[in-house]
Amino acid sequence: MKLSIRLACLVALSTFLAVGVSPSLSNANPAPEYQTDGVTVINNNIELNRAKNLARQAAEIANGGLGNYRAEASMHGTSKESPFVDNGDGTWTFTFKGNKPGSSVYTVETVVTVSQDGRVRVDYNGQIRQLSPL
């Protein structure tokens with residue numbers, strides 16, 4: 001009797017495993033990993049990510065290095081979430097804030113323009129400017 005129960009469990013388990021990984025039951029048309037829903041997809045994501053990193057590094061240098069300065073979190077994440085403007089001429093301008101390591105208060109605003117060929121220009125690096133009312 002015990003052998004029959006064990007055999008039945010073994011057969012059930014092997015059937016489950018075989019069906020669970022069967023290619024015939026897998027989805028032949030998986031859903032895309034993302035949908036655009038009207039969002040513009042950035043075709044040059046690698047270049048934009050490089051430009052974001054160059055902009056952040058320029059700010060770090062301009063503010064005395066990593067011992068004195070940390071850029072806001074958006075400059076460490078994905079490039080599509082970074083605060084940039086595509087200037088339409090092969091350059092991107094990043095405008096972001098930074099602070100002293102360990103501080104939660106941003107004290108520095110930096111504006112950096114980066115070209116697709118890697119040229120970097122710090123346009124502004126100073127106190128946080130107030131936005132003008134619309």
Side-chain angles (χ1 to χ4, degrees):
M1 179 78 164
K2 283 187 176 183
L3 182 60
S4 297
I5 292 173
R6 287 183 183 169
L7 184 59
C9 289
L10 184 60
V11 169
L13 180 60
S14 63
T15 303
F16 172 75
L17 291 175
V19 170
V21 296
S22 172
S24 64
L25 296 176
S26 66
N27 186 355
N29 297 314
E33 291 183 22
Y34 63 92
Q35 295 179 1
T36 58
D37 267 349
V39 174
T40 302
V41 176
I42 300 168
N43 292 328
N44 50 3
N45 198 29
I46 293 172
E47 290 86 2
L48 178 60
N49 194 56
R50 178 175 176 250
K52 175 202 65 165
N53 289 335
L54 290 171
R56 186 189 69 245
Q57 291 165 358
E60 290 164 354
I61 292 168
N63 289 289
L66 289 172
N68 296 317
Y69 173 85
R70 293 285 195 277
E72 65 180 90
S74 65
M75 292 301 288
H76 295 277
T78 62
S79 57
K80 66 181 179 181
E81 295 175 5
S82 62
F84 74 94
V85 173
D86 185 344
N87 297 320
D89 61 357
T91 65
W92 296 279
T93 299
F94 297 84
T95 302
F96 54 98
K97 296 177 181 69
N99 56 13
K100 291 199 176 290
S103 174
S104 60
V105 178
Y106 292 114
T107 57
V108 178
E109 178 181 348
T110 305
V111 180
V112 181
T113 301
V114 181
S115 66
Q116 288 182 355
D117 65 6
R119 286 177 289 143
V120 178
R121 182 182 72 228
V122 177
D123 301 315
Y124 177 80
N125 187 61
Q127 292 183 339
I128 297 174
R129 301 174 287 186
Q130 298 299 319
L131 295 175
S132 57
L134 298 177

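What you see below is based on every heavy atom in this structure, not just the backbone, and it leaves out hydrogens, waters and symmetry mates.
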Donor-acceptor contacts, no H, no angles, side chain residues 61-72, under 3.5 Å, sequence neighbours left out:
residue	atom	partner	partner atom	Å
N63	OD1	N125	ND2	3.2
N63	ND2	A59	O	2.8
N63	ND2	N125	OD1	3.0
N68	ND2	G64	O	2.9
R70	NH1	L66	O	2.1
E72	OE1	K97	N	2.6
E72	OE2	S74	OG	2.9

Under the 3.5 angstrom rule, does the side chain of [X] hit a backbone N or O of [Y] as a donor-acceptor pair?
X	Y	answer
S82	F84	no
E109	R129	yes
N99	P101	no
K52	G77	yes

For residues V112 and A58, report the shortest heavy-atom separation together with the two atoms involved. CG1-CB, 4.4 Å
Over all atoms of both residues, closest heavy-atom pair of A55 and M75: CB-CE, 4.1 Å
Separation between OG1 of T91 and CG of D86, rounded to the nearest 0.5 Å: 7.5 Å
Find the distance between NZ (K80) and CG (N49) and round it off to the nearest 0.5 Å. 11.5 Å
Is there a path of hydrophobic side-chain contacts, each under 4.5 Å between heavy atoms of I, L, V, M, F, W or Y residues, that connects V122 with V108? yes
If you measure only the distance, is there a donor-acceptor pair under 3.5 Å linking the side chains of R56 and N53? yes
Cut-off 3.5 Å, side chains only: do T113 and N87 have a donor facing an acceptor? no
What I'd like to find out is whether the side chain of [X] reaches to under 4.5 Å of the side chain of [Y], using heavy atoms alone.
X	Y	result
T93	V111	yes
L48	W92	yes
R50	I46	no
E47	N45	no

Linking directly or through intermediates, with side-chain heavy atoms under 4.5 Å: list the remaining ILVMFWY members grouped with I128, chain and number order. Y106
